[in-house]
Amino acid sequence: MLIRRLPPELVSRIAAGEVVERPASAVKELVENAIDAGAARIEVQADGGGLTRILVADDGIGLAADDLPLAVERHATSKLAAGPDGALDLLRIATLGFRGEALPSIGSVARLSVTGRRAGEAAHAILVEGGAVGPVAPAPFAGGHGARVEVRDLFYATPARLKFMKSERAEAQAIAEEVKRQAMAHPEVAFSLDLDGRRALRLPAEAPGESGRLARLAAVLGADFAGNALPIDQTRDGVRLIGHAGVPTFNRGNAAHQYLFVNARPVRDRLLQGALRAAYADFLARDRHPVAALYLELDPTLVDVNVHPAKAEVRFRDPALVRGLIVGALRHALAGAGHRASTTVAAEALAGFRPGASAAGFSAWRAGGWTPSPAETGVLAGVAEISARFEPAPPSAAGGFAEPGSAAHDPIDFPLGAARAQLHETYIVAQTRDGVVIVDQHAAHERLVYERMKAGIAEGGVPRQALLMPQVVELDPAEAERVAARADELADLGLVLEPFGPGAVLVRETPAALGETDATALVRDIADDLAENGAALALKERLEHVAATMACHGSVRAGRRLTAPEMNALLREMETTPHSGQCNHGRPTYVELKLADIERLFGRR
């Protein structure tokens, strides 16, 4: 086989294919260039799904006439800073663009026109067609300064690539999604998007800080997101995580509404997505996904943004630190939400309603109102004993729950109000000062029991059962090393193992709650989790599934008639138990209807 040197134009087109996979990729690169240029306003137009025409115009610093030839030359950039020794620093990339820049890649497969104007200078333009660069010439330019980049007939120079494009509608949707991601990453920049001459998006610039970021997220993700988002702001070892995440009952059927950013760069990273999934694993069923927009801020030297040609993936120097920060920050925020449920629950149940499930007064009631009795909050010794030992609440003389509370407070003033009735022996109807609350007694109590079980596990550890014959599990040497390195963590979860040669581990004990289990399959699942997510999710999820199943069987069942004291006791415990707004599968445990909504239903408002 002969080795041939490829012609330069073919090399350029191959390289372009790595960066510009579809029209949305070109839009991404051009928008990032505009942001790097300090633009406060970015206008995007696309016709024919971006294959016919793309225009990105900005009001950034612009391009001088001398800059234009370099702007379309491969591996020429203004986005690398010089280090102390004067050399360009590849490890400290503080801008969005870098990898050879996008303009020459786009110009090698399309007809490209770049027009730029610096403040106080005349405007000039340069044309590139299929990699052939034209001369710089004066050009008209509306506005003070900035740049206009127009791409026509994308991939005309590589017809084979056109065969793999989706429909114009699908490509247009991909462009819209890309612009939305960039808009969420940079709320201080105004964005506009027109598709085939029709207005698709208009986003004004927002004020800096959390309020502006949330306003931009609400404009992109919908107004409901703002009412159901939990603020996130945590820092660990110089890495900061900010953003907003939805309460568990505000979820979706896929992960399309999860947006992750690293140093203002939209990314799709398995580590970050896995951490987000792990944080919500305790609250959502496997087929439901949280809604979140999370922003990581860290020193550029701690993350490599050039591991992917399109810069869509990143690599962290300390992935365990990043994952732990995300999981810890999200769980802290979820715990702080208390019994709060999504404000969209009632709207979905009763079309047209939009109740505001209020958690106001929750902290005050926890501090100065009802306090659970020792029997209700006592620490449970272990998973194996929990189901048998658990009682829903201390029995009263009548055989039901003992009603907790304080004579100083009218139950109607509590966040979930005072129980007034039970419907179909399944739903509790409570009255608050300004509305009505309907509670699913089984779902709510199932969550309360589950939270007690978790507290017992955390306090007393997971009970273990010794294997009559220790079991040897054969693994790949690298997998065996990873599993053995987490032996202490696994022991806390009830799995005791130790290294057994270069490619195996010896299992001596397993969690008692799992009963008779396949230790080989369990360890191999753990090895896969450690390789992909850096944590033993398989074991945790199995334990949580057992606890959830036991909680389901140990809770108040639908169809059981409750007394008024029992119903009120359940409401009070919900108010003081984190995550009680949703059951173990992410479904809401209660619906709150404001009196004003009910009055509008009957035309009284």
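Predicted model, so just to flag it, every value in this text is computed and none were measured. Quick note: numbers below take in every heavy atom, side chains included, and nothing from hydrogens, waters or symmetry partners.
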Colleague: So how far is it from R277 CZ to L284 CG, rounded to the nearest 0.5 Å?
Modeller: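 R277 atom CZ to L284 atom CG measures 11.0 Å (nearest 0.5 Å).
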Colleague: Can you spot which of R288, H289, R587, Q582 makes a side chain to side chain contact (heavy atoms under 4.5 Å, CB included) with N251?
Modeller: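 Result: among R288, H289, R587, Q582, R288 is the only option passing the side chain to side chain contact (heavy atoms under 4.5 Å, CB included) with N251.
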Colleague: Please walk me through it: do E178 and Q182 pass side-chain hydrogen bond (donor to acceptor under 3.5 Å, both in side chains)?
Modeller: CA-CA 6 Å; E178 182 58 45; Q182 296 292 344; 3.0 Å; yes
Colleague: Drop me the distance from Q273's CD to I326's CD1, to the nearest 0.5 angstrom.
Modeller: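 That separation rounds to 10.5 Å.
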Colleague: Rounded to the nearest 0.5 Å, what's the gap from CD on E206 to CG on L214? Could you check?
Modeller: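 If I round to the nearest 0.5 Å, the distance is 9.5 Å.
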Colleague: Would T520 and Q471 count as a side-chain hydrogen bond (donor to acceptor under 3.5 Å, both in side chains) here? Give the steps.
Modeller: CA-CA 8 Å; T520 299; Q471 189 165 343; 2.8 Å; yes
Colleague: Would you say that N33 contacts L103 through its side chain, given a criterion of any heavy-atom pair below 4.5 Å between the two side chains?
Modeller: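 Answer yes - side chains close enough.
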Colleague: Can you list the steps and then say if V31 with L96 is a side-chain contact (heavy atoms from CB on, under 4.5 Å)?
Modeller: CA-CA 10 Å; V31 168; L96 298 175; over 6 Å; no
Colleague: Return the set of residues passing ring pair (Phe, Tyr, Trp, His ring centres under 6.0 Å) with F283 (not counting sequence neighbours), or none when no residue passes.
Modeller: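 Partners of F283 by the ring pair (Phe, Tyr, Trp, His ring centres under 6.0 Å) criterion, ordered by chain and then number, come out as H579.
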Colleague: Kindly check if the number of other-residue, nucleotide or ligand heavy atoms within 6.0 Å of CG (D488) is above 12?
Modeller: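 Atom CG in D488 is not crowded, with 12 or fewer foreign heavy atoms closer than 6.0 Å.
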Colleague: Show your working on side-chain contact (heavy atoms from CB on, under 4.5 Å) between E32 and K28 and close with a plain yes or no.
Modeller: CA-CA 6 Å; E32 288 181 347; K28 171 184 181 295; 3.1 Å; yes
Colleague: Identify the heavy atoms of P499 and A484 that sit nearest to each other, and give their distance.
Modeller: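 Looks like CG-CB, 3.7 Å.
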Colleague: Do L294 and L330 have side chains that get closer than 4.5 Å, going by heavy atoms?
Modeller: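 Contact flag for L294/L330 side chains = yes.
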Colleague: Checking Y295 now: which residues fulfil ring pair (Phe, Tyr, Trp, His ring centres under 6.0 Å) with it, not counting sequence neighbours?
Modeller: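 Result, ring pair (Phe, Tyr, Trp, His ring centres under 6.0 Å) vs Y295: F261.
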Colleague: Counting only heavy atoms from other residues, nucleotides and ligands, does the tally under 6.0 Å from CZ of R202 exceed 12?
Modeller: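 Count over threshold, so yes.
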Colleague: Is there a donor-acceptor contact under 3.5 Å from the side chain of D59 to the main chain of R41?
Modeller: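 Present.
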Colleague: Is there a side-chain contact between D269 and L260 (heavy atoms, below 4.5 Å)?
Modeller: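 With C-beta onward as the side chain, the pair stays apart.
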Colleague: If you look at every heavy atom in P23 and L154, which pair is closest and at what distance?
Modeller: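 Shortest heavy-atom separation between P23 and L154 comes out as CA-CD2, 3.7 Å.
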Colleague: Compare every heavy atom of Q465 with every heavy atom of P511, then report the nearest pair and how far apart it is.
Modeller: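 Nearest pair, atom of P511 first, then Q465: O-NE2, 3.6 Å.
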Colleague: Show every donor-acceptor pair shorter than 3.5 Å between a side-chain atom in residues 474-483 and any protein atom, with sequence neighbours excluded, or say none if there are none.
Modeller:
{"from": "D476", "atom 1": "OD2", "to": "A478", "atom 2": "N", "distance (Å)": "2.9"}
{"from": "E479", "atom 1": "OE1", "to": "D476", "atom 2": "N", "distance (Å)": "3.3"}

Colleague: Can you check whether E573's main-chain N or O pairs, donor with acceptor, with T576's side chain at less than 3.5 Å?
Modeller: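 Side chain of T576 to backbone of E573, a donor-acceptor pair under 3.5 Å: yes, one is there.
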Colleague: Minimum heavy-atom separation for L195 to A176, with atom names?
Modeller: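 For L195 and A176, the tightest heavy-atom pair comes out as CD1-CB, 4.5 Å.
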Colleague: Begin with the C-alpha distance, continue with both residues' side-chain angles, and end with the deciding distance and a verdict on side-chain contact (heavy atoms from CB on, under 4.5 Å) for R268 and R181.
Modeller: CA-CA 11 Å; R268 294 178 176 87; R181 286 181 179 273; 3.2 Å; yes
Colleague: Under 4.5 Å between any side-chain heavy atoms of V262 and L298, yes or no?
Modeller: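 Yes, their side chains come closer than 4.5 Å.
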Colleague: Mark yes or no for whether T249, through its side chain, and P588, through its backbone, hold a donor-acceptor pair below 3.5 Å.
Modeller: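 Between the backbone of P588 and the side chain of T249 there is no qualifying donor-acceptor contact (under 3.5 Å).
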Colleague: Do R161 and V109 come within less than 4.5 Å of each other through their side chains, counting heavy atoms only?
Modeller: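 R161 does not reach V109 side chain to side chain.
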Colleague: Could you walk me through whether I232 and I242 pass the side-chain contact (heavy atoms from CB on, under 4.5 Å) check?
Modeller: CA-CA 5 Å; I232 309 293; I242 58 176; 5.9 Å; no
Colleague: Can you tell if the side chain of R240 reaches within under 4.5 Å of the side chain of D233, non-hydrogen atoms only?
Modeller: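 Of all side-chain heavy-atom pairs linking D233 with R240, at least one is under 4.5 Å.
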Colleague: Once rounded to the nearest 0.5 Å, what's the spacing between atom CG of L506 and atom CD of E498?
Modeller: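 CD of E498 is found 5.0 Å from CG of L506.
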Colleague: Would a 4.5 Å heavy-atom cut-off, applied to side chains only, mark L296 and L325 as touching?
Modeller: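 A side-chain contact exists here, since the closest heavy-atom pair is under 4.5 Å.
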Colleague: Distance-only, no hydrogens or angles: does the R216 side chain make a donor-acceptor pair with backbone N or O of A183 under 3.5 Å?
Modeller: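 Pair found, side chain donor or acceptor close to backbone of A183.
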Colleague: Please check this pair: side chain of N263 against backbone of R265, looking for a donor-acceptor N/O pair closer than 3.5 Å.
Modeller: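 Not confirmed, N263 side chain does not pair with R265 backbone.
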Colleague: Using a 3.5 Å distance criterion without hydrogens, assess whether the side chain of N228 forms a donor-acceptor pair with backbone atoms of G246.
Modeller: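 Absent.
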Colleague: Could you tell me whether the side chain of Q258 and the main chain of A292 form a donor-acceptor pair under 3.5 Å?
Modeller: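 A pair under 3.5 Å: no.
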Colleague: Give, for atom OG of S580 and atom CZ of R447, the distance between the pair rounded to the nearest 0.5 Å.
Modeller: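 One finds 8.5 Å between OG of S580 and CZ of R447.
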Colleague: So, applying side chain to side chain contact (heavy atoms under 4.5 Å, CB included) with V247, which one of V291, L334, L230 is it?
Modeller: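 Result for side chain to side chain contact (heavy atoms under 4.5 Å, CB included) with V247: L230.
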Colleague: CD of E509 to CG of L495: how many Å apart, nearest 0.5 Å?
Modeller: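 Atom-to-atom, E509:CD and L495:CG are 9.5 Å apart.
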Colleague: Can you name the closest pair of heavy atoms from G274 and R323 and give their distance?
Modeller: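 Minimum heavy-atom contact is O-NH2, 4.2 Å.
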Colleague: Identify the heavy atoms of L271 and F316 that sit nearest to each other, and give their distance.
Modeller: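 Heavy-atom minimum between the residues: CD2-CD1, 3.6 Å.
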Colleague: Less than 4.5 Å apart, any side-chain heavy atom of E210 and any of H244?
Modeller: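 Yes - at least one pair of side-chain heavy atoms lies under 4.5 Å apart.
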